[in-house]
Amino acid sequence: MFDYYNLEPVLMWIHSTMCGLMPEWLAFTIEGIAVGIFIMVMYAVLAIILIYMERKVCAAFQCRIGPDRVGGRGGLLQVPADVIKILTKEIISLKNSDKFLYALAPFLVIMASILTFSCLPWNKGGEILHMNIGIFFVLAASSIGVLGILLAGWSSNSKYTLIGAVRSGAMIISYELSIGLSVLTMVILCGTMDIQEIVAYQENGWNIFKGHLPALMAFVIYLIAGNAEANRAPFDLAEAEQELTAGYHTEYSGMHFGFFYLAEYLNLFITAGIAVTLFLGGWMPLHIAGLEGFNTIMDYIPGVIWFVGKTFFVVFLLMWIRWTFPRLRIDQVLILEWKYLMPLSLLVLVIMTVMKVFGLVF
Amino acid sequence: MSTFKDYINGYAFGIKSLLIGMRTSMKVFMQKKITERYPENRHTTLYIPERHRAMLVMPKDENGNNKCIACGLCQMACPNGTIRITSETRETEDGKKKKFLVKYEYDLGACMFCQLCVNACPHDAIRFSNHFENAVFERDKLILTLNE
């Protein structure tokens, strides 16, 4: 049905051609390096796009225009200019910090984010890390990030960073529950943890339509908890500017700070991407039952465009939340999770299971 | 049981107020943006609100007369000593002695735009205009004589 955009034959052809020219281990090495470079480039490009989008969307929510001067009317070169600025800055090292952990922490954060980034289903056959427990792996890998944040806070040897890191740890570990439960809800609906199969399950209707009410509730819970996971307002306690200067990355400078910043924006994209995979059909086009002509036209749009488009839509939803609500206090954050979100997600899980058992889903 | 009811009510109220907040911010998102692209649009779409206080002026009618009676209330009202009035007493035709304004000096550089002078004026002889491009290279040029 979507075979004209299936990437798998192309990739297999490339692999077999390379195996014909060189030993298999060399082919694998070169392919691995190529994929790694691809991930890095995509990572950087998406971060620039997301930072630009954030600045523009935030400006619009505050009745402003946003970046407007550097690079013509749209301010398109503003973010690249900022990136170059941050690249030229000195990375300072502190006297009483734990040097090794201090240097390690940003890499842990960015590694967690790249690992989850690699699991996103870009297109049919276009998934970089493919395994039968994909969504479980995403949950596990994204938790490495909190380790990086805790280490960053602890190794900087400063009270601000430590308080920020501990808050962030408490918050992320709490919200992981809601994320896990809402992901589990969709795993129950699809009957698989394989990301490509979850997407394939949504071929004749996205999960949010198939699972109707409980899926919609799980989607909202996922967005709220995902926002907390990405450490963004209204859950940006880890870097509460008024109290903690910048939270866990107060003592970082230059590109080490840049890594935290980059990871924050990419985590936003990843959260949105996983939400799209689970609820909005990944790279599946929008189909409306009964409109054959419309469905055929939708099929001609490549999957990658569907995926990126839907992801940016969810990113916009997350930004809408971020620029609307004021920040919560730490006790309010934990009350929201343990008293409201967690019971609701358990309830949704039970409802979804019952509906699946009795065949009440589409 | 009532605590459970409170919990559900609180839940519903919370969701409702969050949705109201999101609706409000979406309204702002759709609004026309208020940012001015200043140097480019100074001759085209620049909009400075009428009530913006940028500089004290003394409006004149078509014959070049102002309404100032040289009472000095504005000078007394000014907390910064920005206004200096020079007046002289002349005799009018019907033999009354009356103060006349000779020079109304206003130091724009010392003004803090509190509008106390305008409020003090009994005859509405002075007001603030929104003409804001007042940058000059010398301090002396900021001392303006308003009644000329």
Side-chain angles (χ1 to χ4, degrees), chain A residues 53-75 78 213 216-217 219-221 223-225 227-228 233-235 313-328 332-333 335-348, chain B residues 1-55 112-115 127-137:
Chain A
M53 178 180 169
E54 167 98 315
R55 294 177 72 166
K56 278 289 188 191
V57 170
C58 145
F61 275 124
Q62 296 169 351
C63 213
R64 297 185 285 118
I65 295 174
D68 190 33
R69 299 293 153 123
V70 185
R73 254 293 145 89
Q78 181 68 57
L213 194 61
L216 190 67
M217 280 153 86
F219 181 59
V220 173
I221 293 169
L223 284 188
I224 295 171
N227 221 0
F235 304 102
F313 169 71
V314 177
V315 166
F316 178 78
L317 283 184
L318 291 173
M319 285 183 180
W320 186 6
I321 295 170
R322 187 206 197 294
W323 292 107
T324 302
F325 300 132
R327 196 177 65 229
L328 299 169
Q332 292 168 335
V333 164
I335 283 173
L336 176 69
E337 162 63 18
W338 293 103
K339 283 192 179 169
Y340 294 93
L341 279 189
M342 224 260 296
L344 184 66
S345 44
L346 280 172
L347 187 71
V348 168
Chain B
M1 201 59 210
S2 76
T3 45
F4 182 69
K5 209 176 152 190
D6 286 348
Y7 173 79
I8 297 294
N9 283 342
Y11 218 124
F13 178 77
I15 291 172
K16 196 182 144 211
S17 76
L18 288 179
L19 287 177
I20 290 173
M22 289 182 78
R23 196 185 63 195
T24 311
S25 64
M26 193 33 93
K27 257 185 215 157
V28 177
F29 186 80
M30 299 296 184
Q31 254 171 32
K32 194 174 167 294
K33 306 297 171 250
I34 56 165
T35 311
E36 298 285 348
R37 295 185 163 94
Y38 170 54
E40 300 100 295
N41 76 349
R42 61 187 288 200
H43 298 303
T44 52
T45 57
L46 183 64
Y47 170 70
I48 304 293
E50 199 50 49
R51 287 167 60 189
H52 178 73
R53 304 173 199 163
M55 152 189 229
M112 64 175 188
F113 310 103
C114 59
Q115 214 177 11
R127 66 175 185 89
F128 271 103
S129 85
N130 62 0
H131 178 78
F132 67 99
E133 289 170 327
N134 296 324
V136 285
F137 284 103

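Reckoned from all heavy atoms, side chains included, excluding hydrogens, waters and symmetry mates. Quick note on labels: first sequence line is chain A, next is B, and so on, each numbered from 1.
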Determine the minimum heavy-atom distance between A/Cys63 and B/Gln31, stating which atoms define it. SG-OE1, 3.4 Å

For A/Pro234, which atoms come within 4.5 Å of any heavy atom of chain B: side chain, backbone, both, or neither? neither

To check you understand the geometry: which heavy-atom pair defines the closest contact between A/Arg69 and B/Pro39, and what is its length? NH1-CD, 4.0 Å

Can you say whether the rings of B/Phe29 and A/Phe61 are parallel (under 30°), tilted (30 to 60°) or perpendicular (over 60°)? tilted

More than 12 heavy atoms from other groups under 6.0 Å of CZ on B/Phe13: no

Main chain of B/Tyr11, side chain of A/Tyr340: is a donor-acceptor contact present, judged purely on distance under 3.5 Å? no

Side chain, backbone, both or neither: which part of B/Met30 has an atom under 4.5 Å from a heavy atom of chain A? neither

Heavy-atom cut-off 4.5 Å, strictly under: side chain, backbone, both or neither for B/Lys27 against chain A? neither

B/Glu133 atom CD: more than 12 heavy-atom contacts under 6.0 Å: yes

Find the distance between CG (A/Asp68) and CD (B/Glu40) and round it off to the nearest 0.5 Å. 7.5 Å

Looking at A/Ile65, is its backbone amide N or carbonyl O close enough to the side chain of B/Thr35 to form a donor-acceptor pair, meaning the two atoms are under 3.5 Å apart? yes

Check A/Thr324 against B/Ser25 and note the closest heavy-atom contact, atom names and distance. OG1-OG, 2.7 Å

Got more than 12 heavy atoms from elsewhere within 6.0 Å of CZ, B/Phe132? yes

Taking atom NZ as the centre, does B/Lys33 end up with more than 12 heavy-atom neighbours from other residues, nucleotides or ligands that are less than 6.0 angstrom away? yes

Closest contact, heavy atoms only, A/Phe325 versus B/Met22: CZ-CG, 3.3 Å

